[in-house]
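Single-structure report; data block below.
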Protein chains: 2
Amino acid sequence: MPARSSPRRRAKRKTYHHGALRETLVTTALELLDAGGRDAVNVREAARRAGVSPGAPFRHFPDREALLAALTRAIGEEFSAFSQQAIDGAGASPLDQFRAMGLAYIRYAIAHPRRFSLLHAETCSDPDALALFTRESETVALIARAQRAGLLRPGPPDAVHLAAQALTYGLARMIVDGHLPREGAEALAESVLDVFGRGIAAGPKRAPL
Amino acid sequence: MPARSSPRRRAKRKTYHHGALRETLVTTALELLDAGGRDAVNVREAARRAGVSPGAPFRHFPDREALLAALTRAIGEEFSAFSQQAIDGAGASPLDQFRAMGLAYIRYAIAHPRRFSLLHAETCSDPDALALFTRESETVALIARAQRAGLLRPGPPDAVHLAAQALTYGLARMIVDGHLPREGAEALAESVLDVFGRGIAAGPKRAPL
DNA sequence: ACCTGAACACCGTTCAAGT
DNA sequence: ACCTGAACACCGTTCAAGT
């Protein structure tokens, strides 16, 4: 980004062309989302912050829904990169990778609750964003590998996947929705993931809960 | 409700007093919610359907948020009665009751996805509605009884409760948010609950997943 | 090709005035 | 005590006109 003279925002432009309005609107929408949730993502305000007239955004998005969809997609990509990083840093054991993915899910929800919310609320209308988010094929592959390695009990990988994802999703949602005390939520989540892990893990003896 | 002459809605009233406006507004808000989700719950439209002027609702609710909170509370009570019924009909075994509660959760989410959504999104701002919804004390008691009866492995009941609730909540949410195919969702949910149940159940041998 | 700015319909909310 | 109806500020969206 090139350096500019002091007042970054609302500086009167000399041209009628913004240059990267679409991008800027998505960035601004993200600010509004983080500050006030989905309801606060407001086309007029986004235009104002971009230093542009109220009608301008509609040249790039047919309506507010479309702006929200673009925002959702950006967030989906961000999350995807974040969780990929967690998996890469988790070592070779599929069980560890599995756990790392669940934790990444929950950490993201704690760090960016409104993004997490939007991602899921809006996801029906943007299947691509959903695919980025659930990472279904990766997870099922992880489970199958863990089973072959004798780390998990045998059984249909997609059922295990669904159970694991529901558990993780539920935990994350509970944190986002305020059902869980905010502090210590991550530690709590870890222990719940472990309860589940011990439940599906193979092994000669059952540890107590 | 007393019988009335034919045109139920928008009939011109002869008095300036509605009589039960508050109640009517909540009922109407529920219709709007079911038809179009949270965004469609609209004070002016509710007033219109109640046959009342745009300002009238504000004599009963300080603002739109308050109307939504009242709606949330009504839904919380409805759900509470629904799940109580499921538990009562489940027989004496705590494990069966436990399972019945989870299923009730999911059935409600399938039958009334927008109510379910609102209940959880709005729940932070109305702790009483939340208490009606999570039924925490009942569930923890159920788990403790199941452990005493030798049906569940020993362990802290509140951790098991949290895991179970997260799983159930996650499943319900996935259905509501459209992550799961709508048809067959209930059967799918049942099998996931069973996977979890076998994971935490006590028993001499482990069944395969 | 991209943006302006006035316009329209609609919403949340307020408030003096009615009954 | 409860409701009316006009008013205000604000939003999504459109569109002829500007550059």
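Only this structure's heavy atoms are used, side chains among them; waters, hydrogens and symmetry mates stay out. We name chains A, B, ... by the order of the sequence lines, and we start the count at 1 in each one.
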So, taking the atom named [atom1] in [X] and the one named [atom2] in [Y], what distance separates them when rounded to the nearest 0.5 Å?
| X | Y | atom1 | atom2 | answer |
| --- | --- | --- | --- | --- |
| A:Leu142 | A:Gln147 | CG | CD | 11.5 Å |
| B:Arg173 | B:Ile106 | CZ | CD1 | 13.5 Å |
| A:Leu119 | A:Arg73 | CG | CZ | 11.0 Å |
| B:Gln84 | B:Asp88 | CD | CG | 4.5 Å |
| B:Leu103 | B:Leu171 | CG | CG | 10.0 Å |
| A:Leu188 | A:Met174 | CG | CE | 8.5 Å |

message: One pair to check against side chain to side chain contact (heavy atoms under 4.5 Å, CB included): B:Asp194 and B:Arg99. What are the steps and the verdict?
response: CA-CA 9 Å; B:Asp194 288 340; B:Arg99 191 194 145 89; 2.3 Å; yes
message: Short of 4.0 Å, heavy atom to strand atom, which residues of residues 34-42 of chain B count as contacting DNA chain C?
response: B:Asn42
query: Hey, can you pull the residues of residues 57-68 of chain A with a non-hydrogen atom under 4.0 angstrom from DNA chain C?
result: A:Arg59, A:His60
query: Does A:Val43 or A:Ala56 map to a spot on DNA chain D nearer the 5' end, using the closest nucleotide for each?
result: A:Val43
query: Just to confirm, is there a sub-4.0 Å distance from OP1 or OP2 of D:dC3 to any side-chain nitrogen or oxygen of B:Arg22?
result: no
message: OP1 or OP2 of C:dC11 versus the side-chain N and O atoms of B:Arg48: is any pair under 4.0 Å?
response: yes
- request: Just name whichever nucleotide pairs with C:dA1, Watson-Crick or G-U, keeping both distances under 3.5 Å, else none.
  value: D:dT19
message: Under 3.5 Å for both donor-acceptor distances, Watson-Crick or wobble: does D:dT13 have a partner, and if so which one?
response: C:dA7
- request: Under the ring pair (Phe, Tyr, Trp, His ring centres under 6.0 Å) rule, what do B:Phe79 and B:Phe116 come out as? Steps first, then yes or no, please.
  value: CA-CA 9 Å; B:Phe79 172 80; B:Phe116 184 89; 7.6 Å; no
message: Output the rounded distance in Å from CG (B:Leu25) to P (D:dC2).
response: 14 Å
query: CZ of B:Arg44 versus P of D:dA6: gap in Å, rounded?
result: 12 Å
